[in-house]
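Notes follow the structure.
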Amino acid sequence: MSDCIFCKIANGEIKSETVYEDDTVRAFRDLSPQAPEHILIVPKEHIANIAEFNSEDGELAAHIFTEVIPKLARDLNIAGKGFRLVINTGEDGGQTVNHLHVHLLGGRKMTWPPG
Ligand code: AMP
């Protein structure tokens, strides 16, 4: 999508502090980190949010959750102590960038409930 900032980051048009990339996904550091490790995992394909997911996205979802995230957690050394995944969705969910992204937060103890 031409006016989507995460499309531009995902395809390399806008630079980011990338920590992982493959054919379908890019993971990069959040500009405004909320934890010592704060990574955004985005599909390269424009999908607005998780409410737009359908059965055709099963392979992508499995890739993100069974391969990319566990690998990032190991590489960032937070797999053992733990981390938090957040997917803000839509207005009430607090989503500010309308391109699906998973927040991976770690390196500190998280609290609950979130704000
Ligand atoms: P959300 O509120 O869940 O939509 O999250 C959007 C996130 O994107 C926020 O944590 C922002 O700090 C982050 N963000 C926005 N623009 C950029 C950018 N150019 N590079 C890295 N992170 C960004």
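Residue indices begin at 1 and follow the sequence shown. Whatever order the structure lists them in is the order used to number ligands and atoms, beginning at 1. Only heavy atoms go into these numbers, but all of them, side chains included; no hydrogens, no water, no symmetry mates.
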Using a 4.0 Å cut-off to any heavy atom of [X], which atoms of ligand 1 qualify?
X	result
Ser32	12 (O)
Leu40	8 (O), 13 (C), 22 (N)
Asn88	1 (P), 2 (O), 3 (O)
Arg29	21 (C)

- Centres of the His99 and His101 rings: under 6.0 Å? no
- Spell out, as yes or no, whether a donor-acceptor pair under 3.5 Å connects the side chain of Glu52 to the backbone of His46.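 Checked: no pair found.
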- Message: Using a 3.5 Å distance criterion without hydrogens, assess whether the side chain of Arg84 forms a donor-acceptor pair with backbone atoms of His103.
- Response: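 No; zero donor-acceptor contacts below 3.5 Å.
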Give me the nearest non-hydrogen protein atom to [atom] as residue plus atom name, then the distance to 0.1 Å.
atom	answer
atom 8 (O) of ligand 1	Phe6 CZ, 3.4 Å
atom 4 (O) of ligand 1	Thr96 N, 2.7 Å
atom 23 (C) of ligand 1	Leu31 CB, 3.8 Å
atom 9 (C) of ligand 1	Asp30 OD2, 3.4 Å

- When you look for heavy atoms under 4.0 Å from ligand 1, do you find them on the side chain of Ile9, its backbone, both, or neither? side chain
- Task: Could you tell me whether Ile5 approaches ligand 1 through its side chain, its backbone, both or neither, with non-hydrogen atoms closer than 4.0 Å?
- Result: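 The part of Ile5 near ligand 1 is the side chain, not the backbone.
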- Item | For Arg26 against Ser16, the heavy-atom pair lying closest together | CD-OG, 3.9 Å
- What is the minimum heavy-atom distance between Gly106 and Ala35, and which atoms define it? O-CB, 3.5 Å
- Residue pair Thr24 / Asp22, side-chain donor-acceptor N/O under 3.5 Å: yes
- Message: Please tell me whether Glu67 and His63 have a donor and an acceptor in their side chains that are separated by less than 3.5 angstrom.
- Response: yes
- Note on the structure: Closest to atom 3 (O) of ligand 1 (heavy atoms only, candidates His99, Gln95, His103) is His103
- side-chain contact (heavy atoms from CB on, under 4.5 Å), paired with Ile47, selected from Asn54, Asn98, Leu60: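 Only one option passes, and that is Leu60.
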- Message: I'd like to check whether Phe28 has a polar contact with ligand 1, where a contact means an N/O of the residue lying under 3.5 Å from an N/O of the ligand.
- Response: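 No - when backbone and side-chain N and O of Phe28 are compared with those of ligand 1, no distance drops under 3.5 Å.
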- Item | His101 heavy atom under 4.0 Å from ligand 1 | yes
- Message: In this structure, does ligand 1 have an atom that sits under 4.0 Å from one of the heavy atoms of Gly94?
- Response: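 True for this residue.
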- Query: Are any of the side-chain nitrogens in Glu37 or Arg108 under 4.0 Å away from the carboxylate oxygens of its partner?
  - Reply: no
